[in-house]
Amino acid sequence: MTRTTPDPAGDTPGSAESHPLLARHAEAQDLFGDRVHAVRDDQWGAATPCAEWTVRDLVNHLVSEQLWVPLLVRDRCMIEEVGDTFDGDLLGPDPAASWDTAARSAREAFTAPGALERTVHLSYGDTPATAYCAQMIADLVVHTWDLSRAIGGDERLPEELVTFTTQEIAPYAGDLEKSGLFAAPVEPPAGADAQAALLCLLGRRP
């Protein structure tokens, strides 16, 4: 990434928008956003592959995740400072518009000069902003499939995002089930492609 003179706040301005990680993040956000805008009015209460989550619950989860980004990356808040700010329903009467607003705020925070060079304070400890962004991408990709299946949408994921997410998740896939947020991995079917293998790793049944 191009480096210039550090700014007074200690960040390094540069061509953040050209960073390959940010390109993947934007692609993943856009993909999930397309599915959100495809949800029909009668589908918000539909079940999803995520146990006990409806379509509305799933989208609300992703909206919450996007809203955390400015506070953690831009404002460098501690988890305790944010507290339960984003608990409860965040979608209101127009879920798609709520998603758009939240997604834009996260993208602006990650693409700000020097943002990816920072350290963010997550629940499990201080983490490079690049690692945080990579985790966000993986979550968006997997939940795009969840939402697609729930609403009968296109379940195919872009090959580049599948590869990125597999590489991101593989090192800690064994710990995801312990978190209680993911089901146990399932055996991929014979001849499974890269997308099916990724979904099975995360307890989905493609």
Side-chain angles (χ1 to χ4, degrees), residues 25-26 28-112 115 118-127 129 131-153 165 168-169 172 175-184 199 202-204:
H25 179 256
Q29 274 197 335
D30 290 345
L31 188 68
F32 187 79
D34 285 345
R35 301 301 188 276
V36 173
H37 281 272
V39 179
R40 300 192 311 267
D41 290 343
D42 63 347
Q43 292 181 313
W44 289 102
T48 72
C50 302
E52 301 181 5
W53 274 2
T54 65
V55 167
R56 188 177 182 92
D57 294 329
L58 175 61
V59 175
N60 192 69
H61 167 69
L62 269 296
V63 166
S64 174
E65 287 201 333
Q66 309 312 302
L67 292 175
W68 273 89
V69 177
L71 296 183
L72 296 178
V73 176
R74 182 193 64 206
D75 301 338
R76 310 187 195 195
C77 290
M78 303 294 289
I79 294 289
E80 297 76 14
E81 294 178 81
V82 183
D84 60 1
T85 301
F86 302 124
D87 287 357
D89 181 73
L90 301 168
L91 301 186
D94 191 341
S98 296
W99 160 258
D100 291 341
T101 299
R104 183 166 54 251
S105 70
R107 193 176 303 194
E108 289 173 352
F110 274 131
T111 58
R118 299 176 184 173
T119 296
V120 295
H121 310 290
L122 303 181
S123 58
Y124 52 84
D126 290 352
T127 304
Y132 177 41
C133 187
Q135 293 165 20
M136 293 284 287
I137 294 167
D139 206 49
L140 283 161
V141 171
V142 174
H143 286 317
T144 293
W145 182 85
D146 292 331
L147 184 54
S148 298
R149 171 147 293 195
I151 66 173
T165 302
E168 164 61 22
I169 287 176
Y172 54 82
D175 295 326
L176 294 176
E177 181 188 357
K178 300 174 186 175
S179 72
L181 298 176
F182 290 86
L199 295 169
L202 295 171
R204 272 68 174 173

S.K.: Rounded at 0.5 Å granularity, tell me how far OG in S123 sits from CD in E80.
M.R.: 9.5 Å

S.K.: Which residues pass the side-chain contact (heavy atoms from CB on, under 4.5 Å) test with R56, sequence neighbours left out?
M.R.: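 Expected list: W44, T54, D89, L91, P95.
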
S.K.: Check A47 against A150 and note the closest heavy-atom contact, atom names and distance.
M.R.: O-CB, 3.3 Å

S.K.: List the residues meeting side-chain contact (heavy atoms from CB on, under 4.5 Å) with D84, not counting sequence neighbours, and say none if there are none.
M.R.: D87

S.K.: For D139, what residues pass the side-chain contact (heavy atoms from CB on, under 4.5 Å) criterion, not counting sequence neighbours?
M.R.: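 Per chain and number, D139 pairs via side-chain contact (heavy atoms from CB on, under 4.5 Å) with H61, L62, E65, H143, F182.
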
S.K.: With the side chain counted from C-beta on, respond yes when L147 and T48 share a heavy-atom pair under 4.5 Å apart, and no when they do not.
M.R.: no

S.K.: Taking all atoms of both residues into account, what is the closest heavy-atom pair of A129 and A115, and its distance?
M.R.: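 So the two residues come closest at CB-O, 3.3 Å.
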
S.K.: Hey, which of L202, T165, L199 is the one that makes side chain to side chain contact (heavy atoms under 4.5 Å, CB included) with W145?
M.R.: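 Among L202, T165, L199, the one that satisfies the side chain to side chain contact (heavy atoms under 4.5 Å, CB included) with W145 is L199.
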
S.K.: Distance-only check: which donor-acceptor pairs under 3.5 Å involve side-chain atoms of residues 28-37, not counting sequence neighbours?
M.R.:
unit_1, atom_1, unit_2, atom_2, d
Q29, OE1, R107, NE, 2.9
Q29, OE1, R107, NH2, 3.1
Q29, NE2, Q66, OE1, 3.0
Q29, NE2, A103, O, 3.0
D30, OD1, R107, NH2, 2.7
R35, NE, S148, OG, 2.8
R35, NE, D154, O, 3.3
R35, NH2, D154, O, 3.0
H37, NE2, D100, OD1, 2.9
H37, NE2, D100, OD2, 3.0

S.K.: Keeping the roles fixed (side chain from E168, backbone from A138), state whether a donor-acceptor pair exists under 3.5 Å.
M.R.: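 Flag not set: sc E168 to bb A138 has no pair under 3.5 Å.
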
S.K.: My understanding is that only residues two or more places apart in sequence, or in another chain, count here; which of them pass salt bridge (charged side-chain N to carboxylate O under 4.0 Å, His left out) with D41?
M.R.: none

S.K.: With side chains defined as the heavy atoms from C-beta onward, is the minimum distance between R204 and D146 less than 4.5 Å?
M.R.: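 Side-chain contact under 4.5 Å: yes.
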
S.K.: Does H121 have any ring-ring contact (aromatic ring centres under 6.0 Å, His included) partners at least two apart in sequence or in another chain, and if so, which?
M.R.: none

S.K.: Answer whether the closest heavy-atom distance between the side chains of L71 and F86 falls below 4.5 Å.
M.R.: yes

S.K.: Applying side chain to side chain donor-acceptor pair (under 3.5 Å), can you list everything that pairs with T85, at least two apart in sequence or on another chain?
M.R.: none

S.K.: List in chain and number order the residues that pass side-chain contact (heavy atoms from CB on, under 4.5 Å) with Y124, two or more places apart in sequence or in another chain; answer none if no residue qualifies.
M.R.: L122, T127, Q135

S.K.: Let me confirm one number: the SG-CZ distance from C50 to R149, rounded to the nearest 0.5 Å.
M.R.: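 Separation between the atoms: 12.0 Å.
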
S.K.: Could you report the tightest heavy-atom contact between S98 and G92, atom names first, then the distance?
M.R.: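 Nearest pair, atom of S98 first, then G92: OG-N, 4.5 Å.
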
S.K.: What heavy-atom pair brings G88 and N60 nearest, and what distance separates the two atoms?
M.R.: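 G88 and N60 have their closest heavy atoms at O-ND2, 3.0 Å.
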
S.K.: Under the side chain to side chain donor-acceptor pair (under 3.5 Å) test, which residues partner W99, sequence neighbours left out?
M.R.: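 Counting only residues at least two positions away or on another chain, W99 forms no side chain to side chain donor-acceptor pair (under 3.5 Å).
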
S.K.: Looking only at heavy atoms, which two atoms of E81 and M78 are closest? And how far apart?
M.R.: OE2-N, 2.7 Å

S.K.: For the pair S105 (side chain) and A102 (backbone), establish whether a donor and an acceptor sit closer than 3.5 Å, ignoring hydrogens and angles.
M.R.: yes

